[in-house]
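Owing to the predicted nature of the structure, the values given are computational and were not obtained by experimental measurement. Each residue takes its place number in the sequence, starting with 1.
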Amino acid sequence: MKKTILSTILLSGLVLSVAAPSALAEVSTKSGQGETEVNVNILEDKGHEENEGDYLGKLAIVWKPTKFDFEGSQSMNDFTLRNRHDKRDDQFIAVNDDRRETPGDTSSDYKGGTWKLSGQLGDLTALSNNKSLNATMTFIPSALQYYDIGNTKDLTPEEIKDFVPKKIDKGSPTADMDNYGLVNPFNLKAEGDEVTFMRKTSTDDEGQGKRGVFSNLGNNEIRIIDKTGNNVGLYEGQITWTVSDQL
């Protein structure tokens, strides 16, 4: 009797040890394992970025703010949030005027002229439910300073030339306001009209080669009016900056 029991126990053990490999055999040798890429993209936000060009022989926006960041708690009716961008002291907008006597001929003499710069704030929309935010941004631009765009270089094998814009020099001289106009402060309402806030009104200083100016727009806030108090969420929108030769 004891021998029979012992034999049964050993046999059961043998059966269990053989059964495990048979289950593993059902796993695909090609698709039993896979890989997924992990991409980490850490970006540097300097507060402003270069526009797309071209600049040679043109009136153009050279630098523009990257984005404005606002964050805070909801409140009934009316509340204001300040721009919290880490680089708000470097949120420059720069205009350069390289217009020539003969449009399209960059070898002709420099002409320049008057111009205006405007901004327009579009719809601020909640990502969760497409709700529009009733809001107005107020900007306190810094004093205008001269901007030197730098030199030209060949950018393509076809020897197409354009300026390679210099970085903003915070120590640049203040612009002569007899030749410029700057609205301070100025407001941009969500889904509102285009607002002109910077102008070149005279050409008296162009003989000195002063063709560009810049201002910092990082000192700003947004006022939100919502009588429902139901304004929690993430809202996104954009400002369109436009330079024009029509005053």
Handout entry: Ring-ring centroid check Tyr55 Phe163, cutoff 6.0 Å
Key = no
Handout entry: Any side-chain donor near an acceptor of the partner, Asp90 and His85, under 3.5 Å
Key = no
Handout entry: Exceeds 12 heavy-atom contacts within 6.0 angstrom, atom NZ of Lys87
Key = no
Exercise for the section: Determine, for Glu221 against Arg82, whether the closest basic-nitrogen to carboxylate-oxygen distance falls under 4.0 angstrom. Expected result: yes
Exercise for the section: Decide whether Asn187 and Thr138 meet the rule of one side-chain donor and one side-chain acceptor closer than 3.5 Å. Expected result: yes
Practice task
Report yes or no: is the cationic atom of Arg211 (NZ for Lys, CZ for Arg) closer than 6.0 Å to the six-membered ring centre of Tyr110, at no more than 45° off its axis?
Solution key: yes
Practice task
Could you verify whether a donor N or O on one side chain and an acceptor N or O on the other, from Asn83 and Gln91, lie under 3.5 Å apart?
Solution key: yes
Practice task
Measure across Lys166 and Tyr147 and return the closest heavy-atom pair with its distance rounded to 0.1 Å.
Solution key: O-OH, 2.7 Å
Handout entry: Donor on one side chain, acceptor on other, Thr196 and Ser118, under 3.5 Å
Key = yes
Problem - Donor-acceptor pair, side chain of Arg223 and main chain of Met137, under 3.5 angstrom - result: no
Practice task
Check whether the side chains of Asn179 and Ser202 place a donor and an acceptor atom closer than 3.5 Å, and report yes or no.
Solution key: yes
Problem - Least distance between heavy atoms, Leu117 atom then Val95 atom - result: CD2-CG2, 3.9 Å
Handout entry: Closest approach of Lys200 to Tyr180 (non-hydrogen atoms, all atoms of both residues)
Key = CD-CE2, 3.0 Å
Problem - Lys189 and Asn134: side chain donor to acceptor below 3.5 Å - result: yes
Exercise for the section: Say whether Arg88 and Asn220, considering side chains only, have a donor N or O and an acceptor N or O under 3.5 Å apart. Expected result: no
Exercise for the section: Answer yes if the side chains of Asn130 and Thr125 hold a donor-acceptor pair under 3.5 Å, and no otherwise. Expected result: no
Completion exercise
Apart from Leu127 itself, its cluster of hydrophobic side chains linked below 4.5 Å comprises Leu234
Exercise for the section: Classify the angle between the aromatic ring planes of Trp241 and Phe68 as parallel (below 30°), tilted (30 to 60°) or perpendicular (above 60°). Expected result: perpendicular
Problem - Ser172 side chain vs Asp169 backbone, donor-acceptor pair below 3.5 Å - result: no
